[in-house]
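Here's the structure, in structure tokens; my notes come after.
Just so we're clear, the structure is a prediction, and the values are computed from it rather than from any experiment.
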Amino acid sequence: MPDEVEIFRNGIRRFRTGGLAVAVLPLVLGITLLLIGDRAIAVQMIILSVILLFLVLWAINCAEDVVSKLQARRSGRP
């Protein structure tokens, strides 16, 4: 049976990939709308993308910190 730390790490990798993909979509849409000329909605989309990127990266950082603490506790045991 695989180690639970590796299961958590795989989940974090999947969350990182999916979260960044979801956070970049409004950025692409915002840049496209900006090029077309619809500035009001484009700025909203770009701001939304920045907020989503921050939240995804913050959640990944917290999750990796928890997993590293879990791994440190496990390696300290005999």
Side-chain angles (χ1 to χ4, degrees):
M1 181 170 186
D3 190 26
E4 57 198 27
V5 174
E6 275 304 311
I7 293 172
F8 289 143
R9 287 194 191 280
N10 288 336
I12 291 171
R13 273 189 228 114
R14 288 182 181 177
F15 178 77
R16 179 185 303 132
T17 304
L20 291 178
V22 168
V24 169
L25 286 175
L27 180 65
V28 172
L29 181 61
I31 291 172
T32 304
L33 289 172
L34 193 62
L35 292 174
I36 291 173
D38 194 4
R39 288 186 181 250
I41 297 175
V43 171
Q44 290 175 358
M45 288 294 183
I46 292 171
I47 290 172
L48 176 70
S49 178
V50 169
I51 291 170
L52 284 174
L53 280 170
F54 171 75
L55 290 174
V56 166
L57 293 175
W58 179 65
I60 291 168
N61 186 29
C62 291
E64 287 176 346
D65 187 41
V66 168
V67 169
S68 65
K69 286 180 182 178
L70 178 66
Q71 189 173 13
R73 284 186 187 165
R74 289 189 125 231
S75 64
R77 292 183 185 172

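Contact of the Leu70 side chain with the Arg73 side chain is not registered, since no non-hydrogen atoms from C-beta on lie closer than 4.5 Å. Residues Arg39 and Leu34 meet the side-chain proximity criterion, which asks for heavy atoms closer than 4.5 Å. By the 4.5 Å heavy-atom criterion applied to side chains, Val50 and Leu27 are not counted as neighbours.
Closest approach of Thr32 and Val28 over heavy atoms only: OG1-O, 2.8 Å. Shown here for Val56 and Phe15, the closest heavy-atom pair between the two residues is O-CE2, 4.1 Å. The shortest non-hydrogen separation linking Val22 to Leu52 is O-CD1, 4.4 Å.
Of the inter-residue distances, the one linking Thr17 atom OG1 with Ile12 atom CD1 reads 12.0 Å to the nearest 0.5 angstrom. One distance of note links CD1 of Ile41 with CG of Leu48; it measures 12.5 Å at 0.5 Å rounding. Put simply, CG on Asn61 and CZ on Arg16 are 10.0 Å apart, with the number rounded to the nearest 0.5 Å. The line from CD of Gln44 to CG of Asp38 is 9.0 Å long, rounded to the nearest 0.5 Å. In this structure, the separation between CZ on Arg13 and CD on Glu64 is 9.5 Å, given to the nearest 0.5 Å.
Ile60 and Leu55 fall into different hydrophobic clusters, where Ile, Leu, Val, Met, Phe, Trp and Tyr residues are linked whenever their side-chain heavy atoms come under 4.5 Å apart, directly or through other members. Put simply, Ile46 and Ile36 are part of two different groups of oily side chains (I, L, V, M, F, W, Y) that touch within less than 4.5 Å, one to the next. Under the 4.5 Å side-chain heavy-atom criterion for grouping Ile, Leu, Val, Met, Phe, Trp and Tyr, Ile51 is not connected to Leu25 through any hydrophobic cluster.
In this structure, the side chain of Ser49 does not engage the main chain of Met45 through any donor-acceptor pair within 3.5 Å.
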